[in-house]
Amino acid sequence: MVPDAAPGPGDPSGGVPTAAVAGLDELAGLGRTLVMGVVNVTPDSFSDGGEWYEPDAAVAHGRALLDDGADVLDVGGESTRPGAGRVPVEEELARVLPVVAALAADGAVVSVDTTRAVVAERAVAAGARIVNDVSGGLADPDMAGVVARTGVAYVCMHWRGHADVMDDLERYDDVVADVRAELSARVEALLAAGVRRDQVVLDPGLGFSKAGSANWPLLARLGELEELGFPVLVGASRKRFLGHLLAGPDGRPAPPLSRDDATAAVTTLAAAAGAWCVRVHAVRASADAVRVVAAWQRARGATTPGPAPGRDDSTGRAAT
Ligand code: PMM
């Protein structure tokens, strides 16, 4: 892994997402899209089910992802696989807390992937610095209060229902406009509960209540979400819509583990579109991709007369 080149004085890194998110100062200076590596401590995730279920194996996997170039490790103890049932809260705590504590003690920036306020709060006490809530605060009315009280970064994903019903909630007039409006409503609720703006990261929730074809406009029009003025995280890794895209002649979707090259291609596109972070299972290719995009953007900034219309050159984010 080649270390990041430190942006020099006057470095024209227009278009690079350098947003300062609460408590993550050391990441803001990297001048490129961040890579979040997935550490699923579950027996049944669609993408890597069971592989890292034992805490020691999960910690070792997290460390390997750091070696591959991950900036953040996302530790989750409940599968969001379509159709999955809920995990009892004590079980979720037992799965994630030792892994969060061990990786945080190593000095890693750890995120906890949970929809439960109590899990979020205990994980932050164990060292997590990001709460990644695929329900955007809808699954647990106490989540916004915990996020406000702890002051940590909060990934607010677009969500319409738990895994057992999410595929029945896929109707949109215009998927991008609808997701944007529903995320805006979540942001209003978070701010009303005392969450600060600099804690919030938005996520379109690819694959969550989105039929295959609905995911592409969300990627293609990422700028419309960025216009809300918050950093954007993209989680496309190994998802079903990539499996359908890569289906063989028999029409069967490509299996999850064969979707990593397509995931890296999505990382490249998302980074070029200004994503703050990508969440991926196979880190190395995406870690390389975000560095390629940053170098490409710096060269564009050096050779073009100014920032693209509507962009704030200092942050690389849409001027709102
Ligand atoms: N996708 C999964 C789980 N957590 N979190 C965020 N913020 N965004 C996502 O798209 C997302 C997520 C799907 O399950 P996986 O852990 O097997 O990838």
Side-chain angles (χ1 to χ4, degrees), residues 21 33-53 58 61-62 65 70-84 86-87 92 95-96 99 110-116 119-120 123 128 130-139 143 147 152-163 166-167 179 183 186 199-210 212 214-215 218-219 222 225 230-243 255-257 259-260 262-263 266-267 270 275-283 286:
V21 176
T33 298
L34 304 175
V35 178
M36 174 187 271
V38 178
V39 181
N40 281 328
V41 197
T42 57
D44 59 342
S45 284
F46 79 94
S47 48
D48 53 5
E51 263 195 274
W52 329 109
Y53 186 35
H61 182 55
L65 295 182
D71 303 297
V72 179
L73 297 175
D74 189 39
V75 178
E78 184 172 54
S79 170
T80 50
R81 170 179 57 83
R86 298 301 312 270
V87 171
E92 190 184 350
R95 289 179 186 179
V96 299
V99 180
V110 178
S111 156
V112 61
D113 187 345
T114 187
T115 61
R116 290 180 165 126
V119 177
I130 303 174
V131 173
N132 173 26
D133 178 1
V134 300
S135 84
L138 284 170
M143 181 62 96
V147 175
V152 297
Y154 178 67
V155 180
C156 173
M157 200 193 82
H158 177 261
W159 183 86
R160 286 182 165 180
H162 283 290
M166 70 178 181
D167 284 355
V179 165
L183 281 175
R186 295 312 308 145
Q199 291 179 255
V200 178
V201 172
L202 298 180
D203 180 338
L206 300 178
F208 287 80
S209 297
K210 322 276 181 323
N215 294 284
L218 287 165
L219 281 169
L222 210 56
L225 290 187
F230 295 91
V232 170
L233 184 149
V234 171
S237 188
R238 298 182 180 170
K239 289 204 169 148
R240 280 179 295 178
F241 74 102
L242 297 178
L257 292 176
R259 301 172 190 167
D260 284 335
T263 298
V266 174
T267 290
W276 172 75
C277 184
V278 291
R279 179 185 180 279
V280 296
H281 300 86
V283 161
S286 283

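Throughout, residue positions are numbered sequentially from 1 according to the sequence presented. Order of listing sets the numbers, starting from 1, for every ligand and every atom in it. As the structure is a prediction and not an experimental result, all values here were calculated from the model.
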- Task: Could you tell me whether Lys239 and ligand 1 have an N or O pair separated by under 3.5 Å?
- Result: yes
- May I ask you to check whether Gly235 has an N/O atom sitting below 3.5 Å from an N/O atom of ligand 1? yes
- Message: Regarding Asp203 and Arg279, does a basic nitrogen lie under 4.0 Å from an acidic carboxylate oxygen?
- Response: no
- Query: Does a salt bridge link Arg240 with Asp167, judged by any charged N lying under 4.0 Å from a carboxylate O?
  - Reply: yes
- In Val112, Val201, Asp113, Val75, the residue satisfying side chain to side chain contact (heavy atoms under 4.5 Å, CB included) with Asn132 is Asp113
Number the atoms of ligand 1 from 1 as they appear, then name those within less than 4.0 Å of a heavy atom of [X], with their elements.
X	answer
His281	15 (P), 17 (O), 18 (O)
Val134	4 (N), 5 (N), 12 (C)
Val155	7 (N)

- Query: For the residue pair Arg86 and Thr115, what are the closest heavy atoms and their distance?
  - Reply: NH2-OG1, 3.2 Å
- Message: Could you report the tightest heavy-atom contact between Ala70 and Gly37, atom names first, then the distance?
- Response: CB-N, 4.2 Å
- Using modelled atom types only, decide if a donor and an acceptor are shared between the side chain of Glu78 and the backbone of Val87 within a distance under 3.5 Å. yes
- Nearest heavy atom to atom 13 (C) of ligand 1: which of Val278, Thr80, Thr115 does it belong to? Thr80
- Message: Quick test of your reading of the structure: of Asp203, Ile130, Asp74, whose heavy atom lies closest to atom 8 (N) of ligand 1?
- Response: Asp203
- Arg238: heavy atom below 4.0 Å from ligand 1, yes or no? no
Using a 4.0 Å heavy-atom cut-off, which part of [X] comes near ligand 1: side chain, backbone, both, or neither?
X	answer
Asn40	side chain
Asp113	side chain
Arg279	side chain

